[in-house]
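Here the structure comes first, spelled out in structure tokens, and everything after it is commentary.
As the structure is a computational prediction, the values presented were derived from the model and not from experiment. Per chain, numbering begins at 1; letters A, B, ... match sequence-line order.
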Amino acid sequence: MVVAGMVAAANSAFVAGGGCWPSARCRAAVMPLRLVMMTVPLTDMTDADLLRAYANGTGAAAEELARRLLPGALAQATRMLADRAAAEDVAQDALMRLWRQAPIWRDGEAQVSTWLYRVVSNLCIDDLRKRKRNVPLDAVADPADPRESAADQLQTRARLSALSAALAHLPERQAQAVALRHLEGLSNPEIAEIMDISVRSVESLTARGKRALADQLAGRRAELGYDDA
Amino acid sequence: MTMRKTDKDDAMIDALLQDVAKISREPDAGLMARVSADAARAPSIPVPPPARGIFAQLGEVIGGWPAMGGLAIAGVAGLWVGVAPPASVEDVAATFFGTTETVTLWDGIDILAEDGLIDG
């Protein structure tokens with residue numbers, strides 16, 4: 001992995017340096033950097049560098065990226081969709097789009113993680129819009145803590161399913177803003193960047209989205225175990 | 001009564017969102033393998049180039065704008081020679097083909113001769 005990383009990093013250093021290869025002066029400038037880069041393992045490279053390395057033919061860079069990004073993408077999709085298989089499909093689809101984006105990825109536009117939040121969020125909204133139905137409990141993803149009792153696990157699944165179904169009936173932008181803010185814990189400026197809207201619009205969407213959720217789930221407090229809330 | 005209910009529902013939504021936000025999930029080996037397989041396959045998928053017009057493609061084949069400019073000038077010169085052939089051209093044509101025939105497109109109107117643009 002270290003060797004793979006060094007080649008890709010040296011290549012990207014060359015490209016960033018203006019592409020003057022193969023003049024002697026250029027080689028003299030790049031080679032020391034190349035030697036320094038030889039010691040950089042893939043695990044220490046940024047997401048963007050890994051993506052560039054993958055685009056340059058370093059397959060191990062994609063595996064490192066998947067190791068970093070897939071858990072988050074899968075968790076995000078699971079929280080929104082409450083469906084094990086659908087969440088896996090979304091996460092796989094999102095990563096596939098990232099691989100295809102690699103050759104034309106442009107630095108400075110967005111962080112890879114931010115880009116992925118947007119893609120997963122959009123794919124989930126598409127999926128919710130198609131379904132607009134309650135997810136069967138047996139399809140709901142496993143809860144986080146396997147040490148929970150069976151009753152607690154059932155409760156968690158019921159809550160996940162209820163929230164996902166309610167999100168499906170919200171206007172898309174509201175559902176997206178609420179999920180990014182309250183399920184992913186992103187800041188309003190981050191959400192504004194992901195959704196390409198102003199921070200004030202994010203605040204408005206999340207507030208209206210939460211009110212709409214309360215309207216939809218009113219009367220289900222006991223069922224969801226929030227009777228004392 | 002309505003206010004109390006709304007407050008409780010709002011509190012429930014806050015608690016529900018917090019609880020669902022804690023839910024996480026690790027990808028299993030099967031999903032990771034599928035994603036890795038996608039990554040191994042994806043670079044071979046060519047990114048389609050942006051669509052190009054037929055004139056842009058034709059210009060590229062010919063040799064770009066400089067060649068297109070030369071072609072245009074040659075075309076205009078050829079048209080001019082055809083419309084108002086100098087006497088020398090007619091002589092050369094007669095030498096090669098034995099005889100020439102002149103076709104007048106503007107019957108009875110010799111607009112070029114009036115300005116003395118045709119030799120003879």
Nearest 0.5 angstrom please: [X] [atom1] to [Y] [atom2], how far?
{"X": "B:L31", "Y": "A:Q92", "atom1": "CG", "atom2": "CD", "answer": "6.0 Å"}
{"X": "B:M12", "Y": "A:R159", "atom1": "CE", "atom2": "CZ", "answer": "10.0 Å"}
{"X": "A:R97", "Y": "B:D38", "atom1": "CZ", "atom2": "CG", "answer": "12.0 Å"}

### Query
Would a distance-only check, ignoring hydrogens and angles, find a side-chain to backbone donor-acceptor pair under 3.5 Å from A:R79 to B:I23?
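Checked: pair present.
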### Task
Ignoring hydrogens and angles, tell me if any N or O in the side chain of A:Y226 forms a donor-acceptor pair with the backbone of B:K8 under 3.5 Å.
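No, because the side chain of A:Y226 does not come within donor-acceptor range (under 3.5 Å) of the backbone of B:K8.
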### Query
What is the minimum heavy-atom distance between B:A39 and A:Y54, and which atoms define it?
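Result for this residue pair: O-OH, 2.6 Å.
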### Task
Test B:R25 against A:R84 for side chain to side chain contact (heavy atoms under 4.5 Å, CB included), laying out the working first.
CA-CA 10 Å; B:R25 192 174 154 217; A:R84 186 185 299 120; 3.0 Å; yes
### Task
Could you give me the CA-CA distance, side-chain angles and deciding distance for B:I13 and A:L217, then say whether side chain to side chain contact (heavy atoms under 4.5 Å, CB included) is met?
CA-CA 8 Å; B:I13 292 302; A:L217 296 175; 3.7 Å; yes
### Message
Under 4.5 Å from any heavy atom of chain B, what part of A:L95 do you find: side chain, backbone, both or neither?
### Response
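Contact with chain B is through the side chain of A:L95 alone.
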### Message
As an exercise: rank A:L98, A:L65, A:L163 by heavy-atom pairs under 4.5 Å with chain B and give me the winner.
### Response
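Of the options given, most contacts go to A:L163.
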### Task
Please assess B:D14 against A:K210 for the test salt bridge (charged side-chain N to carboxylate O under 4.0 Å, His left out), listing each intermediate value before the final yes or no.
CA-CA 8 Å; B:D14 286 335; A:K210 278 182 67 177; 2.5 Å; yes
Which pairs of donor and acceptor atoms, one on a side chain in residues 113-121 of chain A, lie under 3.5 Å apart (sequence neighbours left out)?
residue, atom, partner, partner atom, Å
A:R118, NE, A:I194, O, 2.9
A:R118, NH2, A:E193, O, 3.3
A:S121, OG, A:Q176, NE2, 3.0

#### Entry: Verdict with reasoning, B:L16 to A:L213, per side chain to side chain contact (heavy atoms under 4.5 Å, CB included)
CA-CA 10 Å; B:L16 177 61; A:L213 284 178; over 6 Å; no
### Query
Can you name the side chain to side chain donor-acceptor pair (under 3.5 Å) partners of A:Q101, sequence neighbours left out?
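None.
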### Message
So which residue, B:Q18, B:R34, B:E26, ends up with the most heavy-atom pairs under 4.5 Å with chain A?
### Response
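The candidate making the most pairs under 4.5 Å is B:R34.
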